Amino acid sequence: MNLRLGGNEFRNVQVPVLWGTRAILMDKTGKLSIIDLGSTEPRIEILGDEPAPRVAYAPLVDGISILGADERELYRYDPKERTLYPISLRLPECEIGLDSIRIGFSVFGANSISGAPVGLVVREDGISLGAPLPAALARL
Amino acid sequence: MKVVVNSDIVFHAKLIRDRLGAPTEKLLAACRAGGHTLIVPRTVLLELERMQDQAREAEIKRLKDAYGTLDQHRVEYQKKPPEELIRKPDLIALMRASGAAVEIEEATLDDFNDAQKRASLHLPPGDPSSKSDEMRDLVIWAISLRLARKEKDVLLVSVDHVHSGERGTEEAARTGLLRESSIDGALRALAVGTPAGEQMTEVVRAAWPSLRREFPQLTEQPDIRHFDPPRFERDEGGVLVSISCAIRLATAAGEFDAKLVATLGVDTLEELNVYAVVIDGKEHPPITLTPAAKVLLPRTELKARQDELQEVLRSPR
């Protein structure tokens, strides 16, 4: 897909931003969708800034809390700030700004990433640009 | 009430300029309105300032890089020192500007010794399997317990499992320390409405006649004392189909604790499973109620969002 996200151009990528096992996509209205690729079938968790169908969640004053099958809180999403806050997921924060993508304290802006399966990969231990899609993950 | 906050509740890894963030401001507004005091342990303040230093350094570097790009292209501009433009925020001053009472709480020698003992001997609330001794978290815990022993109402608001997990439950109960793991939970504890609270209240209201028929010990009108973070689920049409949580309600003589699972149709509370029931200290068998009561809950149209996402997924490769 071709997508502009947080001031960065992603061309011919399968997943523009992979936050752990979760693909982050933005539609043309600026709303984010978060899709978990960590099981056999992709599972939409956030759909256009809203909790997706059949996903366990709790509404918060500042967004949405996404819950796991074991009732653990996985992460929180603030649609006004377009920021993902990890709770039990061991990942840095991820903010999709107007002209940059913030991962923890690192900021990525005005990059052009083309032809890689994944544009920006965020893991617990680091970030990489233009990476392969991890084999264990489902395809979008 | 004294509201002790951990750094993972108040701020995140972003430079604060002149606003604290909407959720923090809501918490401060609730403290101001209710006459509560926000307690910031010195340990927390040091970490917040460290995070802000990091965020500030990142912003300064970004600005310097931008200057470098402009210089490279020989663009004329007014070059101001980044260190002067991007300043470190005075977090306590920003909090106090809300009108809420805010105090910095210094750890005592006893607090440090307590934390040291828990860390070294892997005592609760720390996780014995953790590789980190989590000394900072244990200092905050010690401060919170000390305040709870001294005052009547102390609430610790922290996401960290050291503070909000099961291993601290017994000690928190013994000292009267209240705990919440989100600003939502803190607002509910301060009797401020939240989206989850409003929806839970609506479900309980709809179920109340059925609940009272089954449990006549309950008060005439619903009196929700506490509920754990709830679990919601929607269908493909954006309609809420299920809400579940553990709840505490008032009875005439004491308290009613139970776990509820509400099954919802369109604007209807169809079924309510009530289990793990303890009323005024006595266990009660589980029961399923069929209130078939009208309930007004928000719903969101998801079709347009689904279409927008499909468009993104179908975009050229």
Side-chain angles (χ1 to χ4, degrees), chain A residues 1-3 5 11-14 16 23 25-33 35 42 44 46-65 67 71-73 76 78 80-81 83 85-88 92-95 97 100 102-107 109-110 140, chain B residues 8 12-15 21-24 26-27 51 54-55 57-59 61-62 69 159 161 181-184 187 192-199 228-239 241-245 298 300-302 304-317:
Chain A
M1 66 182 70
N2 300 327
L3 190 65
L5 196 65
R11 303 194 73 80
N12 298 318
V13 299
Q14 292 178 34
L25 303 171
M26 187 169 70
D27 64 31
K28 66 176 188 289
T29 68
K31 295 185 179 65
L32 293 191
S33 293
I35 305 177
I44 304 173
I46 301 285
L47 175 63
D49 283 356
E50 285 284 331
R54 307 299 169 187
V55 164
Y57 75 96
L60 304 173
V61 290
D62 54 340
I64 305 157
S65 166
L67 309 173
E71 303 200 2
R72 256 187 336 156
E73 191 176 7
R76 295 175 189 169
D78 182 342
K80 283 198 183 113
E81 300 291 326
T83 303
Y85 300 103
I87 303 297
S88 62
E93 284 175 23
C94 177
E95 177 185 358
S100 63
R102 179 178 65 85
I103 310 293
F105 294 104
S106 303
V107 176
L140 263 181
Chain B
D8 56 12
H12 303 280
K14 191 173 175 177
L15 183 66
T24 307
K26 282 194 172 88
L27 181 60
M51 287 164 63
Q54 254 184 291
E57 287 302 315
E59 284 295 313
K61 183 181 181 309
R62 282 187 73 202
T69 303
V159 179
H161 71 279
S181 61
S182 67
I183 285 189
D184 273 65
L187 290 173
V192 174
T194 63
E198 285 161 7
Q199 292 177 53
D228 284 353
R231 191 179 178 91
F232 290 60
E233 193 174 309
R234 289 174 170 174
D235 67 10
E236 284 70 13
V239 175
V241 293
S242 168
I243 302 178
S244 56
C245 79
T300 305
E301 178 57 52
L302 295 180
R305 289 171 161 81
Q306 285 162 343
D307 293 342
E308 291 290 347
L309 176 60
Q310 286 307 315
E311 193 177 321
V312 172
L313 293 171
R314 281 195 304 263
S315 70
R317 291 174 183 267

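Naming convention: chains lettered A, B, ... in sequence-line order (proteins, then strands); numbering from 1 in each chain. Computed from a predicted model, the values in this text were never measured in an experiment.
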Top contributor to chain A interface from B:Gly197, B:Cys245, B:Ala58, B:Pro23 [non-hydrogen pairs under 4.5 Å]: B:Pro23

Contact leader toward chain A among B:Glu59, B:Arg62, B:Lys26, where contacts are heavy-atom pairs under 4.5 Å: B:Arg62

Part of B:Lys14 within contact of chain A (heavy atom distance under 4.5 Å): both

Could you pull out all donor-acceptor pairs under 3.5 Å where a side-chain atom in residues 49-60 of chain A meets a protein atom, sequence neighbours excluded?
residue: A:Asp49; atom: OD1; partner: A:Leu32; partner atom: N; Å: 2.9
residue: A:Asp49; atom: OD1; partner: A:Tyr77; partner atom: OH; Å: 2.6
residue: A:Glu50; atom: OE1; partner: B:Arg234; partner atom: NH1; Å: 2.9
residue: A:Glu50; atom: OE1; partner: B:Arg234; partner atom: NH2; Å: 3.0
residue: A:Tyr57; atom: OH; partner: B:Arg234; partner atom: NE; Å: 3.2

Could you tell me if the side chain of A:Arg76 sits less than 4.5 Å from the side chain of A:Ile64, heavy atoms only? no

Residue part contacting chain B, namely of A:Thr83, when any heavy atom lies under 4.5 Å: neither

Going by salt bridge (Lys or Arg N to Asp or Glu O under 4.0 Å), name the residues that satisfy it together with A:Lys28, two or more places apart in sequence or in a different chain. B:Glu308, B:Glu311

Do A:Ser33 side-chain atoms and B:Leu309 backbone N/O form a donor-acceptor pair below 3.5 Å? no

The test is side chain to side chain contact (heavy atoms under 4.5 Å, CB included); show your working for B:Ile183 and A:Asp62 and say whether it passes. CA-CA 9 Å; B:Ile183 285 189; A:Asp62 54 340; 5.9 Å; no

Checking heavy atoms, do the side chain of B:Gln306, its backbone, both or neither come under 4.5 Å from chain A? both

Test side chain to side chain contact (heavy atoms under 4.5 Å, CB included) applied to A:Leu25 and B:Leu313, step by step: CA-CA 9 Å; A:Leu25 303 171; B:Leu313 293 171; 3.6 Å; yes

Which region of B:Ala55, side chain (C-beta onward) or backbone (N, CA, C, O), has a non-hydrogen atom less than 4.5 Å from a non-hydrogen atom of chain A, or is it both or neither? both

Check the pair B:Ser244 / B:Glu233 against side chain to side chain contact (heavy atoms under 4.5 Å, CB included), numbers first and verdict last. CA-CA 9 Å; B:Ser244 56; B:Glu233 193 174 309; over 6 Å; no

Using side-chain heavy atoms (C-beta onward) and a distance below 4.5 Å, is A:Glu93 in contact with A:Pro86? yes

Bottom line for B:Val239: the part with an atom under 4.5 Å from chain A's heavy atoms is neither

Shorter than 4.5 Å, heavy atoms on both sides: which option in B:Met51, B:Gln199, B:Glu57, B:Lys61 has the most such pairs with chain A? B:Met51

Side-chain touch B:Glu236/B:Leu302, heavy atoms, less than 4.5 angstrom: no

B:Ser182, part contacting chain A, at a heavy-atom distance under 4.5 Å: both

Engaged part of A:Leu3 at the chain B interface, taking heavy atoms whose separation is under 4.5 Å: side chain

Is it the side chain or the backbone of B:Leu187 that comes within 4.5 Å of chain A heavy atoms, both, or neither? side chain

Shorter than 4.5 Å, heavy atoms on both sides: which option in A:Glu71, A:Glu73, A:Glu81, A:Lys80 has the most such pairs with chain B? A:Glu71

Check the pair B:Arg305 / A:Lys31 against side chain to side chain contact (heavy atoms under 4.5 Å, CB included), numbers first and verdict last. CA-CA 8 Å; B:Arg305 289 171 161 81; A:Lys31 295 185 179 65; 3.5 Å; yes

Please classify the contact of A:Arg11 with chain B as side chain, backbone, both or neither, using a heavy-atom distance under 4.5 Å. neither

Do you know which of B:Asp8, B:Asp235, B:Thr194 has the most heavy-atom pairs under 4.5 Å to chain A? B:Asp235

So which part of B:Arg231 gets closer than 4.5 Å to some heavy atom of chain A, the side chain, the backbone, both or neither? both

